[in-house]
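Side-chain atoms are counted along with the backbone in the values below, which use heavy atoms only and exclude waters and symmetry mates. Here the structure is a predicted model, which means the values were calculated and not measured.
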Amino acid sequence: MPSHHHRSGPLKQSNKRNKRNKASKRSATRLAGGKIEGRRAAFKGRFVAHTKADRRHFQQQKRDAKRQELVRRKRGIGGVAAPPRVVGIISLGDDEATEENLRSLILQQADRTFGFGVDSTVTAKFEKHKRDGNLTVLTNSTAFRSQYSSEQPNDAAVFSALDLCRVCDLIMFVIDVDGEKTESFVGMSIGGSDDKSFSTNKTSSTAQDFDHLISERGDRVLSAMKSHGLPRVVTILAKTKAEPGFGEDDDDFDHMTTQSAKSIRRANLKRKSDVKRYVSRFATTEFGVDNDKVIEINLKKTNDENNMTDDQDGVTVDPEAHSKKILVESLVRSICSISASPPNWVSKLPRSYILSNTHEYITESQELKLTGYVRGIAPFDVNALIHVPNLGTFSCKGLMETEAPGIRKNKKGDQDMGCNNHYVVESDPMKRESLENFAAPDALDGEQNLVGFDEADEEFHDDDDYNAADKDIAEEGGFARPVGWSDYQSAWLDALDDGEGGDLDHGELAEELNKKSSATVAGGNAMDLDDANEVSEEERQALLEERRKQQQEHAEFPDEVQVNEDENARDRFARYRYLKSFKKSFWDPKENLPDDYASIYHFSSFKSTQRDIMGDMKDLVKTAEKSDWKFLHASKSVEKPPQDAMEADSEGDEDEEYLEGCVPTGSYVTIVLENVKPEDYKKLGANPLLSAATLLPHENKVSVLHMGLSNCRDESLSDVPVKSKDVLTFRCGWRTWTGRPIFSQNNLNCDKHKFERYMPQAGSFFAASVYGPVTYTPCPVLVFRTMNGTKELVAFGSMIGADADRTIVKRIILTGFPVRVHKRFASVKYMFSNPEDVKWFKPAGLTTKHGLNGKIEQSVGEHGTMKCLFNAPIKQHDTVCLCLYKRVYPKFADDSESDREDGTHAIQRYNSLIIK
């Protein structure tokens, strides 16, 4: 008998399939054969089945990597002993005395302290924490403050904090709890008969009640440091005054009843809890979940003798002092054991730096000696250029190892800090990079056109004739183009058709164009914002008001320009050209370059150059790690026997030659810098704390830098807009300089970028191009502007790269209005004022604000009216636009037209680029 098989009918239930794009955790785990380590795996397939042995090997690799990283950190990235951890203390309140109080409290708990002759540099040794208990404690009020004595106090605090941020492994932000407002207790009827007026159980504090804990100076410091990049952060909740209502001899509360005193105590406890909750939320919001650690500390100096008690041994103990000591010990344990490192742009770049413990300046030889630990992931190369912030860039004459401070010898003669082998490393003059920032100009190298327009806006060269080639063209019946125009630039002139009667231009317009316009020169450019500081206050306010009006007008009618009736558009906009397509039209990046471009460095591919240099530095680091960071001491060891030398691999000799002139990271050394001018050193102030960083190849050369920025300017503080080519201060990594940048849009998939006359509004992203020293990415950028003697942070971002061929194009729009319309034809008026301008711009295309395209047919009358044809019927209320484009360039800070004398103006403005 055949078996029965059920067959589903038309009423069978059909469930919907799962619409999730990703598999569930259970199915993914089952498919992978076990627990998955990391959802974003680097292997090809998303879920690959691993065997048990593969998973075991994967876990073993992770353990080995963590162990190696731990050993690397313990050794100070290569040194025999780890260099001291640098801890910075910054107060966010009005009182900076809490910084010194906290530092003295930490140093009192140390087993040993080492002073280096500078008040701002103190190193403490905590024996209980072994290698991790070696701390260098710095404060913002004394570390780098002397170098900014000429700045205002708040500006000096900001710049000193930024200097402290890039050399510290750990930053402690101190919030003074006792900086509270007394108005918080106003309204309470203490001791009165009305009990309803004081109900502490229902009171609650808001964030506005504690916003005063962060002062205006602290807010500026915090904003700048977050934009610059922070190291590991710990928030300190400091108490500097006695709490009211807790002292037994408090005269202010003698008249209170017992119930009122209890209410005050409950209110204080509630307030204390609210403050701690606010600071915890503040730390999490400002610094992220990885830096949300908050530690309470007591900085009160007064002790009450009535609180003294006797312990079991009969020793008098102060409970307040005992609890204070416990809090300090907890703080020291936290800052010694917590994982800390400098900002990512400092710790991950293959660049070594030194924080000087001591320094000595020799006036006779103009040499500066800096002593400190070598830090960073790369060895210190004596042949590289050394940049000292706020001082300049110098060559290193030599380097010698110095005995590290606080060395103690064990019974076996070993040392617990540093090494005792003295050696001297001298730099090789043949391997040094040149200190020259600019290249020697060569007008015959083929990179620039010898004949062209000057870089100043709306001005031209004094050329009365066009070149011989154009004369030949004119004699043959062709068209003569303006001086400096290339073939493709003037190609649209050939599109001119013969007019009625064969009235053609054979060079008359070009000859008139190439004559310098005296009206333009007499008018000059408008006064810049930086010039407003040299005029009276009334004139300055008038200039600022004029800039505000221009910015509002530009926001309402972007790029629109009006031509006056008494001027010719062909003369005023002679440097502009028409582009059929902004994205696809070709623009030669080497055409009509200004004189400044002859002396800056051009990279054919900056990304390739950076990739090659970073690859070489990584190879150097790997070679140093391969030699266990003992390549200098290995050269002093006893020579190997001949049989061992025969068996040795040739790679050892290559590695030793590759590491020649390098010093291991973690060494305590003294470097000698050459040609340090006395007047520059005196500007640093008394007992300055100095740092020095090595520069990578090509980083001392000047080129056109491009930065991706975001506007962070507070409109409520200053409503004066920032304009292109204003004098701004750029703080880029380890270096600072002033320049006159130009802003542009960072267009993607396009070789041209639209110029922005004003810095875009807050929150917008844009690009800034400025002359400056080559800097490799990643590197943070801060932009400051001087307003009323105060440095205002206007933008922040990161470095894009150095590219002199990046084309930034300025657009202008000439507008006209149709006065007579017949289907696709229209008579347009008010764009030009004479028929010659209509004939000159006839080959250019037209657009309308309603999306139509058109062209100029012919001139009508003698007042600039023209007949135009469009691709669709045009409306009477439409606006006709003619878009023209011109390439623009940045300027140097003190670029003035009065300095031009026989081509020497370029050298004068180059000397203005002071990099500190």
Side-chain angles (χ1 to χ4, degrees), residues 479 481-482 485 488-500 503-505 509-510 513 553-554 556-565 567-587 750 752 754-755 757 809-887:
F479 295 95
R481 61 187 182 215
W485 283 38
Y488 83 93
Q489 183 181 357
S490 57
W492 57 279
L493 292 173
D494 298 333
L496 287 171
D497 297 330
D498 293 346
E500 296 181 2
D503 185 11
L504 293 176
D505 173 53
L509 293 178
L513 170 66
E553 182 179 357
H554 175 72
E556 186 176 0
F557 304 100
D559 300 330
E560 293 190 14
V561 179
Q562 184 178 1
V563 182
N564 299 327
E565 296 182 359
E567 61 182 356
N568 298 326
R570 62 185 184 274
D571 295 339
R572 179 178 174 183
F573 308 115
R575 293 184 59 194
Y576 291 82
R577 69 186 65 172
Y578 168 75
L579 295 179
K580 186 175 182 180
S581 174
F582 183 84
K583 183 177 181 180
K584 297 181 179 179
S585 298
F586 175 70
W587 197 301
C750 185
K752 293 177 289 296
K754 184 182 175 298
F755 169 78
R757 288 175 172 82
V809 179
K810 178 181 180 180
R811 183 185 69 174
I812 63 167
I813 300 177
L814 303 179
T815 57
F817 304 96
V819 293
R820 293 183 179 179
V821 175
H822 179 66
K823 296 184 179 179
R824 294 168 55 197
F825 289 90
S827 297
V828 180
K829 200 174 181 181
Y830 305 116
M831 182 179 291
F832 304 111
S833 58
N834 54 74
E836 288 78 11
D837 289 344
V838 177
K839 185 185 297 184
W840 180 261
F841 291 100
K842 184 178 180 181
L846 302 175
T847 59
T848 67
K849 291 188 176 181
H850 287 188
L852 302 182
N853 296 325
K855 63 178 181 178
I856 301 175
E857 288 291 327
Q858 61 182 4
S859 175
V860 179
E862 298 295 331
H863 299 286
T865 306
M866 55 187 180
K867 185 178 181 181
C868 304
L869 175 64
F870 297 91
N871 60 342
I874 184 174
K875 305 283 187 172
Q876 186 76 37
H877 59 276
D878 204 348
T879 303
V880 182
C881 303
L882 172 62
C883 300
L884 301 175
Y885 301 89
K886 177 190 68 173
R887 185 178 178 182

*Could you go through the side-chain contact (heavy atoms from CB on, under 4.5 Å) check for Arg820 and Phe825 one step at a time?*
CA-CA 8 Å; Arg820 293 183 179 179; Phe825 289 90; over 6 Å; no
Flag yes if more than 12 heavy atoms outside [X] fall under 6.0 Å of its [atom1] atom; otherwise flag no.
X: Tyr830; atom1: OH; answer: no
X: His877; atom1: NE2; answer: yes
X: Lys829; atom1: NZ; answer: no
X: His863; atom1: NE2; answer: no

_Qualifying residue, where the test is side-chain hydrogen bond (donor to acceptor under 3.5 Å, both in side chains) with Asn834 and the options are Lys839, Glu565, Arg570_ = Arg570
*Name all residues meeting the salt bridge (charged side-chain N to carboxylate O under 4.0 Å, His left out) criterion together with Glu567; count only those two or more places apart in sequence or in a different chain, and write none if there are none.*
Arg572
*Only counting residues at least two apart or in another chain, list the ones meeting salt bridge (charged side-chain N to carboxylate O under 4.0 Å, His left out) with Arg887.*
none
Closest non-hydrogen atom pair between [X] and [Y], with its separation:
X: Thr847; Y: Cys883; answer: OG1-SG, 4.4 Å
X: Asn564; Y: Ser833; answer: O-OG, 4.0 Å
X: Ile874; Y: Pro818; answer: CD1-CG, 4.4 Å
X: Pro558; Y: Ile813; answer: O-CD1, 3.9 Å
X: Phe582; Y: Lys754; answer: CZ-N, 3.9 Å

State whether the side chain of [X] and the backbone N or O of [Y] hold a donor-acceptor pair below 3.5 Å, judged by distance alone.
X: Lys842; Y: Glu857; value: yes
X: Arg824; Y: Phe870; value: yes
X: Asp878; Y: Thr848; value: no

*Going through the distances and angles, do Glu836 and Asn568 end up as a side-chain contact (heavy atoms from CB on, under 4.5 Å)?*
CA-CA 8 Å; Glu836 288 78 11; Asn568 298 326; over 6 Å; no
_In the structure I gave you, are the side-chain heavy atoms of Arg577 and Trp587 within less than 4.5 Å of one another anywhere?_
yes
*Do the ring planes of Phe841 and Phe832 sit parallel (below 30°), tilted (30 to 60°) or perpendicular (above 60°)?*
parallel
*Output, in order, the C-alpha distance, side-chain angles, deciding distance and verdict of side-chain contact (heavy atoms from CB on, under 4.5 Å) for Ile812 and Asp559.*
CA-CA 5 Å; Ile812 63 167; Asp559 300 330; 5.7 Å; no
*First locate atom OG1 of Thr815, then atom CD of Glu560, and finally report the distance between them rounded to the nearest 0.5 Å.*
5.0 Å
_Worked verdict on Val880 versus Phe817 for side-chain contact (heavy atoms from CB on, under 4.5 Å)_ = CA-CA 6 Å; Val880 182; Phe817 304 96; over 6 Å; no
